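Read through the structure below, which is laid out as structure tokens, and then see the notes.
These numbers were taken from a predicted model, which means no experiment stands behind them. All chains are named by letter (A, B, ...) in the order of the sequence lines, taking the proteins before the strands, and each is independently numbered beginning at 1.
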Amino acid sequence: MSYNFNEIEKKWQTKWQEEKLFSVEVDQNKPKFYVLDMFPYPSGAGLHVGHPLGYIASDIYSRYKRLKGFNVLHPMGYDAFGLPAEQYAIQTGQHPATTTERNINRYREQMDRLGFSFDWDREVRTCDPDYYHWTQWMFLELFKHWFNNKTQKAETIDSLIALIEKEGNKNIEATCNVKTPEISADDWAKMTEEEKQNFLQNYRLAYQDETFVNWCPKLGTVLANDEVKEGLSVRGGHPVEQKKMKQWLLRVSAYSQRLLDGLDTIDWTESLKEIQRNWIGRSEGATVYFPIENHSERLEIFTTRPDTLFGASFMVLAPEHEWVEKITTPEQKNVVEDYIFQTKKKTERDRISDVKNVTGAFTGAYCLHPFTGKQIPIWVGDYVLSGYGTGAIMAVPGHDQRDYDFAKQFNLPIIEVVAGGNLEEEAYAAKDGKLINSDFMNGLRVPEAIKKTNEELEKQQKGSPKINFRLRDAIFSRQRYWGEPIPIYYKNGIPYPLPEDQLPLELPKVNSYLPTEEGEAPLGRAKDWKYSSEEHYELTTMPGFAGSSAYYLRYMDSKNNNELVSKEKNEYWENVDLYVGGSEHAVGHLIYSRFFNKFLFDIGKVCKDEPFKKLINQGMIQGRSNFVYRKKGTNTFVSYNLKKDHDVTPIHVDVNIVHNDHLDLEAFKNWREEYKDAQFILEEDGHYLCGNTIEKMSKSLFNVVNPDKIVEDYGADTLRLYEMFLGPIEQSKPWNTSGIEGVSRFLHKVWRFCFDENNQLVLTDEEPNPTELKILHTAIKKVEEAIETFSLNIGVSSLMICLNDLTKENCKKKPIIRPFLTLLSSFAPHLSEEIWQRLGEKESVCFSTFPSWEQKYLVENTYTYPISINGKKKFLKEISLDLNKEEIEKVALEDEKTQSFLQGKQIKKIIVVPKRIVNIVI
RNA sequence: GGUUCCCUGGUGGAAUUGGUUUACACAGUGGAUUUAAAAUCCAUGCCUCGUUAAGAGGUUGCGGGUUCAAGUCCCGCGGGAACCACCA
């Protein structure tokens with residue numbers, strides 16, 4: 001028996017676990033390195049072959065860094081709160097904690113079989129009260145802080161109160177609610193406790209507000225913006241509507257600018273940074289005030305094109321705008337109310353799919369142009385969104401397509417103010433051209449005009465330059481059971497933070513996971529779950545992103561009962577050096593984590609401003625589905641190439657009973673009761689050929705490949721190598737088991753290289769020769785480069801090439817094999833460890849030293865130059881590297897072959913690039 | 001509609017960053033070993049012309065450009081992916 005991977009892998013996994021080999025502590029004598037995987041949500045389906053891709057890559061990197069002498073923190077845990085467990089609980093009545101625990105155990109079992117070097121002593125679970133204690137603590141800290149725009153930092157609410165007591169909020173520049181009123185110190189002093197608390201909600205970083213939210217009736221909860229796509233919930237795809245509700249929110253928008261600036265300091269892919277930049281959506285423009293006729297107030301709008309101010313021919317308010325009711329004239333009241341009623345009925349999805357249908361209503365009111373004083377009609381239209389800017393716009397139909405369409409629909413004037421377009425057909429939106437019809441700006445180019453308007457607006461106090469962000473505050477309440485309770489209690493209807501010594505506020509038991517009859521969240525069912533007899537707790541729970549937003553900090557100090565993370569441990573581990581996970585978290589988790597981290601940085605809790613220095617997005621591994629074709633209305637199945645002659649329905653078939661697209665007929669009959677008597681129409685060669693397609697790996701498509709099966713058949717080391725060998729880590733690719741033979745053969749070859757048929761070691765202590773050293777050092781260099789650049793597929797190839805070359809040299813020498821095993825150990829730790837031990841080494845190969853390659857073994861004295869004429873390669877010639885350019889040229893020209901190609905033709909030029917090429921131009 | 005990115009053998013993918021394609025692996029074909037199979041090893045492997053061979057020419061989605069030299073840089077077209085999108 002040769003390489004017995006099952007036995008070897010079990011042996012080493014047990015040993016590593018028993019000896020807690022990968023458990024780490026702060027060690028000031030060693031440089032630290034923090035490698036983190038996005039922790040999984042433990043679903044009931046278990047791991048498929050795609051899930052471990054990132055874990056394998058990060059494990060290889062961690063092992064490599066250990067060999068390089070780093071103190072490597074490489075933890076794992078579970079994102080255990082969430083909807084699927086709760087849905088399952090509603091259906092079965094089982095407590096989500098029970099099913100979650102079961103799923104976690106299954107995940108752990110599967111992961112353990114792959115030989116990961118996780119420090120399991122630091123495991124965290126977001127649903128564990130010892131963990132969510134700190135999630136709740138962070139919420140309270142957010143509640144107790146506000147964001148000072150002057151310092152661009154979070155500061156305590158007490159400092160805000162002190163400022164207001166002194167001089168009101170006039171000089172305070174904060175990120176706060178749009179409708180925050182201006183008050184004096186006197187006003188403040190006169191406020192009741194309730195009024196004060198309500199007023200402070202305008203400033204808190206975790207605050208309660210009544211706003212329009214994404215309400216998903218099917219899920220029975222509100223959702224954050226990143227959980228909604230095209231009017232449907234990301235999870236489940238249910239319709240989402242806008243509903244006004246009182247909710248907890250996080251003032252993420254306060255950090256917009258810092259979230260944007262921080263992107264320049266971190267090593268993420270450009271595409272991912274771009275996604276975040278889009279999501280944050282910074283746009284520069286101006287706020288302009290339009291006085292309303294016969295009203296004391298002025299209408300405030302945001303525009304990115306202040307230069308087109310003279311082209312504004314009407315105003316549009318969002319239907320939800322608070323002044324719509326106030327300014328609508330009696331004559332228009334019915335029309336406007338009817339219009340608002342119609343828009344309210346529409347779901348978000350309708351509103352989006354209805355883009356082509358321009359709708360709106362005239363309020364009957366007018367405002368006055370700030371510079372000309374001209375009357376401008378005010379309309380209501382649902383193409384203006386209440387959540388962005390001020391929820392009101394000045395419409396410039398000449399230079400904005402949406403305004404243009406609106407003007408055409410309702411026959412409103414279109415004024416050209418930037419020359420260059422053809423307004424008969426469409427708006428001219430380009431920021432290029434000279435201003436016309438614009439009073440003091442006539443003749444200016446667009447950028448100059450923008451500057452000029454801004455100056456003029458400020459001078460006359462009719463507006464000011466303004467930067468707007470698309471990033472909204474995150475809705476933090478979920479009307480669900482399986483999440484962290486929000487540590488708030490109500491006294492006389494006013495929310496107060498729970499005292500810190502009351503944390504964690506544990507999730508109470510309930511008899512059902514559905515909302516109460518009164519429509520309260522499920523926590524309303526918990527009996528006696530109150531802060532005191534009069535003061536009840538908040539009934540909503542936190543969203544999924546709450547628990548995952550700072551878990552990387554908790555790993556540093558997971559057992560600490562006094563704080564999230566101690567200063568000492570945080571200052572040692574700092575932040576994550578390498579973060580590996582899927583790009584689906586680009587605008588959710590990865591924005592929230594950065595937000596939380598920046599906040600914790602502001603309050604002095606963590607020492608780094610950004611949480612993740614480098615980020616790698618691993619691609620998805622897709623499934624390869626197989627089909628059989630059933631003749632309609634029969635139980636007869638037609639083979640792939642013959643199906644065109646019949647009327648057939650394709651049916652997904654379990655890929656485990658298909659080999660190389662050939663269906664195992666017996667297995668198919670046994671697969672399901674209904675196919676027991678199946679008949680087949682076969683190909684000429686007597687096989688049933690299945691169709692195939694590439695799609696998501698999913699249980700319902702019967703294309704799931706289970707890693708357990710692969711480990712059983714080929715070993716964990718083979719699976720690890722193969723997943724890396726499949727291609728660049730960032731690319732999505734379909735799983736194809738047939739290629740796994742190649743890497744499996746490689747590992748068997750490694751074994752046979754070291755042992756004979758009786759498993760006796762055949763290696764000697766003999767000194768290696770220069771050829772062997774060259775092979776080895778080439779491999780060291782390549783593997784090191786490959787791991788550093790995360791091109792792990794190249795790493796595997798390099799190891800294969802090395803072994804092939806050594807086999808050709810018949811090199812059976814320990815001094816060569818030892819470093820080779822160290823290189824291999826990151827990829828195939830079990831096999832390397834076994835051979836390492838059999839070589840007589842005492843220490844684990846995982847803690848040996850990564851060999852360094854030396855130039856002297858790689859130096860060549862000749863280089864094979866391609867000799868080309870007019871850029872076309874003619875032949876190859878070995879030329880000594882000692883020669884200088886002129887000498888190389890001479891050697892190349894004197895060659896017989898060169899002469900025969902030249903045939904006496906005139907040489908115009910000769911290009912010699914040392915160690916590259918000799919090119920002769922004739 | 002906007003932004004970012006991709007396109008190399010039958011397949012997954014390499015290519016010293018502008019240096020003369022297709023490393024490594026899979027599948028295929030031919031052979032060796034074997035009673036046989038498995039396992040292993042060797043050879044072969046882009047296209048066209050050439051009976052074979054020697055050889056010649058072409059070739060990185062298509063077309064053009066820059067350059068002594070282009071898979072790599074630039075422009076246009078075609079195909080695909082991801083993200084954003086009534087964001088004023």
Side-chain angles (χ1 to χ4, degrees), chain A residues 2 229-230 269-279 281-283 285-286 301-306 308 312 316 318 351-352 354-358 381-385 387-396 399-403 405-406 429 468-472 583-584 586-587 617 619 660 721-722 725-728 730-746 748-749 752 781-782 785 791 793-804 807 865-874 876 908-922:
Chain A
S2 61
K229 229 173 131 183
E230 290 173 1
T269 59
E270 259 322 300
S271 72
L272 192 65
K273 287 187 188 180
E274 198 57 34
I275 292 170
Q276 292 219 341
R277 285 193 194 105
N278 274 338
W279 190 256
R282 180 188 147 108
S283 57
I301 61 104
F302 173 75
T303 177
T304 53
R305 296 291 302 275
T308 61
V316 187
R351 217 165 136 161
I352 289 166
D354 244 16
V355 176
K356 294 278 170 290
N357 272 337
V358 182
D382 69 358
Y383 81 99
V384 175
L385 305 176
Y388 184 76
T390 60
I393 61 156
M394 66 171 195
V396 184
H399 306 282
D400 181 289
Q401 193 56 44
R402 292 154 300 170
D403 298 346
D405 296 340
F406 196 87
N468 239 324
F469 294 94
R470 205 183 71 96
L471 186 67
R472 315 283 168 83
S583 58
E584 66 272 19
V587 291
N617 283 131
N660 242 339
L721 246 73
Y722 183 55
F725 187 72
L726 228 40
E730 310 210 3
Q731 242 169 58
S732 289
K733 54 238 154 184
W735 175 265
N736 178 2
T737 308
S738 67
I740 203 169
E741 299 288 347
V743 285
S744 172
R745 259 172 225 153
F746 165 66
H748 278 93
K749 275 187 217 169
R752 266 183 284 117
K781 189 165 185 247
K782 279 184 168 171
E785 277 171 7
S791 317
N793 52 334
I794 306 297
V796 178
S797 297
S798 306
L799 288 166
M800 288 180 176
I801 294 167
C802 178
L803 188 75
N804 282 348
T807 307
Y865 281 88
I867 310 290
S868 53
I869 293 177
N870 283 350
K872 291 209 169 25
K873 182 173 116 188
K874 293 297 176 188
L876 296 169
K908 278 194 197 141
K909 208 193 305 183
I910 298 176
I911 287 109
V912 178
V913 184
K915 271 197 95 170
R916 287 283 154 82
I917 194 157
V918 177
N919 190 12
I920 303 163
V921 187
I922 54 176

* Would you confirm whether the ring centroid of Trp279(A) sits within less than 6.0 angstrom of the ring centroid of Phe469(A)? =>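 Not close enough - the centres of the two rings lie 6.0 Å or further apart.
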Ignoring backbone atoms, test whether [X] places a side-chain nitrogen or oxygen under 4.0 Å from the OP1 or OP2 oxygen of [N].
X	N	result
Arg916(A)	U17(B)	yes
Tyr383(A)	A88(B)	no
Asn793(A)	A14(B)	yes
Asn804(A)	A25(B)	yes
Lys873(A)	U21(B)	yes
Lys733(A)	G12(B)	no
Lys874(A)	A56(B)	no
Ser283(A)	A88(B)	yes

* To do: List the steps and the verdict of side chain to side chain donor-acceptor pair (under 3.5 Å) for Asp405(A) and Gln401(A).
  => CA-CA 6 Å; Asp405(A) 296 340; Gln401(A) 193 56 44; 3.1 Å; yes
* To do: Using heavy atoms to find the nearest nucleotide of RNA chain B for Ala392(A) and Ser798(A) separately, return the residue whose nucleotide is more 5′.
  =>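 Final value for this comparison: Ser798(A).
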* **Beyond-backbone contact of Val918(A) with Val913(A), side-chain heavy atoms, under 4.5 angstrom** =>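 No, too far: nothing below the 4.5 Å cut-off.
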* Side-chain contact test, heavy atoms from C-beta onward, threshold under 4.5 Å: evaluate it for Ile801(A) versus Leu799(A) and give yes or no. =>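 Side chain of Ile801(A) against side chain of Leu799(A), heavy atoms only: no contact under 4.5 Å found.
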Give one of base, sugar-phosphate or nothing for [X], where a contact means two heavy atoms less than 4.0 Å apart.
X	value
Pro734(A)	nothing
Ile393(A)	base
Gln276(A)	nothing
Ser732(A)	nothing

* Let me have RNA chain B in dot-bracket notation, would you? Count Watson-Crick plus G-U wobble pairs, both distances under 3.5 Å, and use [ ] for pairs crossing earlier ones and | for inter-strand partners. => (((((((..(((......[....))).(((((.......))))).((((.....))))..(((((..]....))))))))))))....
* To do: Take the protein atom CD1 of Ile801(A) and the nucleotide atom C1' of G13(B), then report the distance between them rounded to whole Å.
  =>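 Ile801(A) atom CD1 is separated from G13(B) atom C1' by 13 Å.
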* Whole-Å distance separating the CG atom of Leu803(A) from the P atom of C41(B) ->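 Computing the Leu803(A):CG to C41(B):P distance gives 10 Å.
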* Asked: Between the base of C87(B) and the side chain of Arg472(A), is there any donor-acceptor pair under 3.5 Å?
  ->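 Looking at the base of C87(B), it does pair with a donor or acceptor on the side chain of Arg472(A) (distance under 3.5 Å).
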* Asked: Could a donor-acceptor pair under 3.5 angstrom be found where the side chain of Asn919(A) meets the base of C68(B)?
  ->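 Answer is yes: a donor-acceptor pair is held.
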* Could you measure between the two C1' atoms, the one in U22(B) and the one in U11(B), and give it in whole Å? =>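 Those two atoms are separated by 13 Å.
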